[in-house]
Protein chains: 2
Amino acid sequence: MGEQREAVRLFNNPGAQECADVIMSAASKRRAVIVLGVCEVSYRGRTSSELARGERLVIVKEDGSLLVHRTWGYKPVNYMPPGAMVYAKSDSGSVVISAKRGSESMRVVFHKVYLVATLNFRDDSSFEQKGTEAQMRDAVVFYPELVEKGLRVLTHEFQVKSGFVDLMALDSRGRLVVIEFKANPAKTADVNQLIAYVSRLRALSKERGIRGVLAAPSINKAARKLLVDSGLEFKRLDKDECLRVLEEFKPTMSLLSFIEKGDEHSA
Amino acid sequence: MGEQREAVRLFNNPGAQECADVIMSAASKRRAVIVLGVCEVSYRGRTSSELARGERLVIVKEDGSLLVHRTWGYKPVNYMPPGAMVYAKSDSGSVVISAKRGSESMRVVFHKVYLVATLNFRDDSSFEQKGTEAQMRDAVVFYPELVEKGLRVLTHEFQVKSGFVDLMALDSRGRLVVIEFKANPAKTADVNQLIAYVSRLRALSKERGIRGVLAAPSINKAARKLLVDSGLEFKRLDKDECLRVLEEFKPTMSLLSFIEKGDEHSA
DNA sequence: CAATGTATTTCGGAA
DNA sequence: TTCCGAAGTACATTG
């Protein structure tokens with residue numbers, strides 16, 4: 001017995017009809033195809049784009065995604081996301097690959113095809129990645145001093161539906177403090193969010209002493225200016241510091257979590 | 001005479017040494033290479049990742065970017081951005097491709113190579129795209145009725161980077177209108193941006209009649225609620241409509257642009 | 001399904 | 001060069 005499976009099948013300098021057939025056949029079997037040749041590309045959908053004639057690598061993947069790569073750059077110059085319906089046909093000596101997905105459509109016309117290869121690939125390995133996280137908010141809930149001394153947390157759902165979570169607290173002088181956390185360097189949009197929230201809160205309560213604090217590892221210059229001009233505050237909050245606190249309080253956390261659930265039931 | 005240039009050079013089932021040589025040779029000539037085969041990948045840098053053995057397509061581009069693609073998904077499962085130094089060598093029957101770029105490094109080990117192809121591609125076409133946020137704004141500048149009848153535009157810098165507010169105008173009753181454009185469906189963050197700007201403007205000028213308009217192709221539910229609750233308005237603005245207007249006014253545009261530059265010099 | 005945040009974000013333009 | 005925000009962002013996760 002030899003190999004049953006042919007991982008790569010090559011078609012060198014195929015005719016237009018043969019090329020179209022190969023692509024359609026692969027698509028029907030849910031196999032990926034790569035095409036090397038001279039093509040032009042047009043796209044209509046979220047925007048419109050035209051890419052004139054040039055030599056490129058086109059990848060039709062088994063999930064319907066379609067990538068047009070030039071010989072430089074990380075990103076494809078044109079593409080369709082997964083889920084597109086892909087068709088190929090021969091048209092007066094050219095190969096036309098078209099893809100549709102909702103209101104988006106893309107069309108690749110190959111004037112010359114150097115190579116087509118169908119891929120019957122096996123790849124079920126999982127992709128393992130380590131080293132990302134941001135549960136700064138939980139850390140602050142358990143150790144409010146990370147933000148400032150004397151802070152008492154009012155809202156404290158440390159159910160991590162990570163999302164922009166505004167924490168409400170009282171400072172040492174009894175003023176309401178709205179805290180917004182960001183795991184990444186704070187941008188203008190983050191400041192806008194805090195401005196919008198605080199301004200709504202002030203409009204509702206007529207309370208003048210409401211403070212707004214943006215807590216993040218860093219903040220860019222424009223954002224900082226906007227923040228200060230708006231009478232709000234920045235607090236540098238290091239991710240590693242938060243993680244250390246979290247580690248330290250981990251046992252307490254699970255215990256408290258249990259107690260709170262008990263409280264809920266008794267309420 | 002015949003063709004001088006060979007756009008694609010194929011090496012079918014190459015030996016490990018031959019494969020490594022081909023890759024190194026291509027790299028030295030600044031040519032892209034694609035490799036089909038069985039590989040495993042590890043990456044160290046911004047995070048750490050391991051990808052176990054599987055059949056994949058690897059692209060080494062002429063700018064030093066390195067992409068590992070599976071047969072599904074838009075994104076490469078592993079990659080190095082442009083600017084990496086790429087090396088290839090044969091190591092006890094395997095081909096090892098390594099890439100370094102600052103503190104980042106990636107290593108692809110091919111246990112079996114089905115195909116290597118070096119690409120000597122020509123592709124100097126420009127990529128033209130239409131339908132961006134900036135173009136929506138330009139369209140409204142030339143045809144304010146796209147937003148509402150009687151609107152007069154105050155600020156009208158054509159290719160100004162956005163950042164603050166997109167457009168200031170007066171409505172038919174003389175009220176100040178702040179308009180923010182979004183080419184994509186409007187989200188909460190976009191509403192926040194408008195709230196923040198309008199609230200600052202109101203605080204500064206004590207003017208009560210300031211209107212805020214968010215102009216976008218659509219708006220999601222949460223964003224709409226926030227918008228309305230904040231006393232602001234939504235205006236559906238179709239991308240294609242804007243493009244048609246732009247086409248119509250294109251000659252006028254370049255002329256006006258020229259005149260404005262002239263004004264700057266005379267000022 | 002919609003909405004929200006993350007990304008080894010990448011990419012381009014302006015300060 | 002650095003900074004900053006858009007992207008045809010894609011993608012996972014959670015309500």
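So that the names make sense, note that chain A is the first sequence line, chain B the second, and so on, each numbered from 1.
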Return yes when atom OH of B/Y143 has more than 12 non-hydrogen atoms of other residues, nucleotides or ligands closer than 6.0 Å, and no otherwise. no
Let me know, please, whether A/K187 or A/M106 comes out on the 5' side of the other along DNA chain D by nearest nucleotide. A/K187
From NZ of A/K100 across to C1' of D/dG8 the rounded distance in Å is 16 Å
Could you state the atom-to-atom distance from CH2 of A/W72 to C1' of C/dG12 in whole Å? 16 Å
Over how many whole Å does the gap from B/E180 atom CD to D/dG5 atom P extend? 13 Å
Could a donor-acceptor pair under 3.5 angstrom be found where the side chain of B/N184 meets the base of D/dT9? no
In whole angstrom, give the distance that lies between atom NE2 of A/H69 and atom P of C/dC11. 10 Å
Can you tell me the distance, in whole Å, between the CG atom of B/N192 and the P atom of C/dT4? 10 Å
Determine yes or no for a side-chain-to-main-chain donor-acceptor pair under 3.5 angstrom, with A/E55 supplying the side chain and B/R122 the backbone. yes
Side-chain heavy atoms of B/T71 within contact of A/K61, under 4.5 Å: no
In whole angstrom, give me the gap between the C1' atoms of D/dG8 and C/dA14. 24 Å
May I ask you to decide if A/E62's main-chain N or O and A/R30's side chain share a donor-acceptor pair within less than 3.5 Å? yes
Please report the distance separating the P of C/dT8 from the corresponding atom of D/dC4, rounded so that it comes out in whole Å. 22 Å
Expected output: side-chain A/R56 to main-chain A/C39 donor-acceptor under 3.5 Å: yes
Could you state the CG-P distance from B/D190 to C/dG5, rounded to the nearest angstrom? 12 Å
Does the B/S125 side chain pair with the main chain of A/R53, one donor and one acceptor, at a distance under 3.5 Å? yes
Please determine if a side-chain N or O atom of A/S49 lies less than 4.0 Å away from the OP1 or OP2 oxygen of D/dG8. no
For DNA chain C, which residues of residues 216-231 of chain B approach it to below 4.0 angstrom with any heavy atom? B/N220, B/K221, B/A222
Over 12 foreign heavy atoms within 6.0 Å of CZ, A/R107: no
Looking for any heavy atom pair under 4.0 Å, which part of the strands does B/M80 touch: base, sugar-phosphate only, or nothing? nothing
What nucleic acid atoms does B/F127 come within less than 4.0 Å of, heavy atoms only: base, sugar-phosphate, or nothing? nothing
When every non-hydrogen atom of A/S105 is compared with those of A/K100, the smallest separation belongs to CB-NZ, 3.9 Å
What's the CD-C1' distance between B/Q129 and D/dT9, to the nearest Å? 11 Å
Are B/T188 and C/dT4 close enough that a side-chain N or O sits under 4.0 Å from OP1 or OP2? yes
Salt-bridge contact B/E104-B/R44 (side-chain N to carboxylate O under 4.0 Å): no
What are the atom names and distances for every N/O pair under 3.5 Å that joins the protein to nucleotides 10-13 of chain D?
unit_1 : atom_1 : unit_2 : atom_2 : d
D/dA10 : OP1    : A/R46  : NH2    : 2.9
D/dA10 : OP1    : A/Y79  : OH     : 3.2
D/dA10 : OP2    : A/R46  : NH1    : 3.1
D/dC11 : OP1    : B/Y74  : N      : 3.1
D/dC11 : OP1    : B/K75  : N      : 3.3

Over 12 non-hydrogen atoms of neighbours within 6.0 angstrom of CZ in A/F127: yes
